Amino acid sequence: MRDPYEVLEINRGASKEEIQKAYRKLVKKYHPDQYRDNPLAKLAEEKLAEINEAYDYLMKNGTAGGDRSYRSSEQTWDTGRDNTDTDSFFNQVRININNGNLAAAEQMLDQTNIRSAQWFFLRGILFQRKGWYSQAMSHLQTAVRMEPGNREYRNALNTMNNGNTAYRERSGRYAGRDADLCNICECMVCTDCCCESLGGDFIPCC
Amino acid sequence: MFGYVLPDKPELKIGEYEIYRAIYCGVCRAIRKNHGNLPRLILNYDIAFLALLLSSITDDKLDIRSERCMVHPLRRRNILQDNAILDYAADMDVLLSYLNLRDKWQDGRSVASLAGLAALKGRYRALMDKYPVKSLIILDKLKELALLEKSRCASVDQAADPFARLMEEVIRYGPACTDENTETILRWIGYNMGKWIYTIDAFDDLEEDIRRNSYNPFLCQYDYKGQDIGVFRNRIVKDAEFNLIHTLDEIAKGFELLDFKRYKDIVGNIIYSGMQKKTENILGRGKAT
């Protein structure tokens, strides 16, 4: 195990509050939602596991108490649907995307003539994994327009939009800008973390 | 197409800026040592970033010394002394410059580029021998790019893909890829770096490409029909901004996962601040209008 203080990027002898603050900041940074549909997702997951381990260690051995506000959870697709032909087709596409077999997924999507909301959604996810963000965006938007009630599609669209906000927010550290907007965001995310640990949810996508 | 990847100098600490300069000068020196004087004129900041990034994740000892150099003989400068990363960056600079000149020559037949080509040809052959696989991949990507441009590809993402893959290959420096994870992260950073450079360059060139009637993916994707350039630019700027900032976010995600041995703040300054400001500047935000 690496030095937990180093992992949490804090000084030795940091107070419980400082540890918690550093922990929350890092969890937010490496949260699976930030890395969803991204080739680095697995690495972020490992990093988060290390952060959790360091945090648990410090909480157990340093100060008392301290519940983790986030636990690592495997990002899985909803694959338990009715077994119609279309669904098993799209399930296969999802499995390919999950396994990083993008070429196979792309070929399947190109060859079918179905153009359902799910098709646009998966094509969007695929584009995102490839790094084609403009195309990804327009496909996800189409999917949401076709099926506005679908949470999965909406979440994917929100995640894409949030990425840009998150980048600008973090850039404050290097650019020394006015931090007001950052504070608002931080507040919202903290609220979200608190709500989640109590069983509620403030920001539905994370 | 080069020279967009810059630090945000006012936000760097003085010592950090000195290190950045030392690396930049180090690459310049390595070019002279390995390839002669002429190619030094074409050293650019994107390659300096490559050398910085690779130096920041390896832990070889770096030797920085204060010396005079031929380009700026009056002032002493800190210069990073010769090492394998500087050699690699110098090689990539010369290889890409040669191919860039060749592209320009085939495009517009400018005499200046022909002169440059003749001078670099020998170096290019030597580099083909030194990096047989890498140079073939790079050539292949440039061919792909030329085909897309010829067929007037109407997707910015697609048009940017070959150059993005080219950078993915350039950034994938063997000795820095100590494990599979590092390689995955470096490749993702490289891909998005290339994508950002290609895309911002295309946006930057809008006016010139309209004037010269050259291919530009933005003109094709958003169906430019001779309207006022200002109106057109306003129509597409939001989409372009989304794409560019999202690309920067993906670079930043890679950055956050990399295991840095040093200079993390300098690399962070470039990724989070320098490139963001450049984006805003070229999109026309940073200016007072």
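For clarity, every value in this text was computed on a predicted model and none was experimentally measured. Each chain gets a letter, A, B and so on, in the order the sequences are listed, and its residues count up from 1.
Between chain A and the options Asp239(B), Leu248(B), Asn269(B), Leu257(B), heavy-atom pairs under 4.5 Å are most frequent for Leu257(B). Between chain B and the residues Glu46(A), Lys42(A), Lys130(A), the most heavy-atom pairs under 4.5 angstrom are made by Lys130(A). Across Ile251(B), Val156(B), Asn192(B), the residue that shares the most heavy-atom pairs under 4.5 angstrom with chain A is Asn192(B). The candidate from Tyr35(A), Phe127(A), Trp132(A) with the greatest count of non-hydrogen atom pairs under 4.5 Å with chain B is Trp132(A). Among Asp161(B), Ile185(B), Ile271(B), the residue making the largest number of heavy-atom pairs under 4.5 Å with chain A is Asp161(B).
Contact record, Asn243(B) with Ser134(A): ND2-CB, 3.3 Å, taken as the closest heavy-atom pair. Closest approach of Gln135(A) and Asp157(B) over heavy atoms only: N-OD2, 2.7 Å. For the residue pair His246(B) and Gln128(A), the shortest heavy atom distance occurs at NE2-NE2, 4.4 Å. When all heavy atoms are compared, the tightest approach of Thr184(B) to Leu43(A) is CB-CD1, 4.4 Å.
A salt bridge between Arg168(A) and Glu241(B) is present, with a side-chain N of the basic residue lying under 4.0 Å from a carboxylate O of the acidic one.
Looking at Thr199(B), neither its backbone nor its side chain comes within 4.5 Å of chain A, counting heavy atoms on both sides. Both the backbone and the side chain of Asn164(A) have a heavy atom closer than 4.5 Å to some heavy atom of chain B. Only the side chain of Gln221(B) comes within less than 4.5 Å of a heavy atom of chain A; its backbone N, CA, C and O stay farther away. For a residue to count as touching a neighbouring chain, one of its non-hydrogen atoms must lie under 4.5 Å from one of that chain's; by this rule Asn181(B) touches chain A with backbone and side chain alike. For Lys195(B), the part sitting under 4.5 Å from any heavy atom of chain A is the side chain, from C-beta outward, and nothing else.
With hydrogens and angles disregarded, a donor-acceptor distance shorter than 3.5 Å links the side chain of Tyr30(A) to the backbone of Glu256(B).
Counting heavy-atom neighbours within 6.0 Å of Glu180(B) CD, excluding the residue itself, gives a total of 12 or less.
Sorted by first and then second residue, the pairs that involve residues 171-197 of chain B and meet ring pair (Phe, Tyr, Trp, His ring centres under 6.0 Å), not counting sequence neighbours, are Tyr88(B)-Tyr173(B).
Distance check: Asp249(B) CG to Asn38(A) CG gives 8.5 Å after rounding to the nearest 0.5 Å.
Of the candidates Tyr272(B), Phe255(B), Phe242(B), Tyr167(A) forms a ring pair (Phe, Tyr, Trp, His ring centres under 6.0 Å) with just one, namely Tyr272(B).
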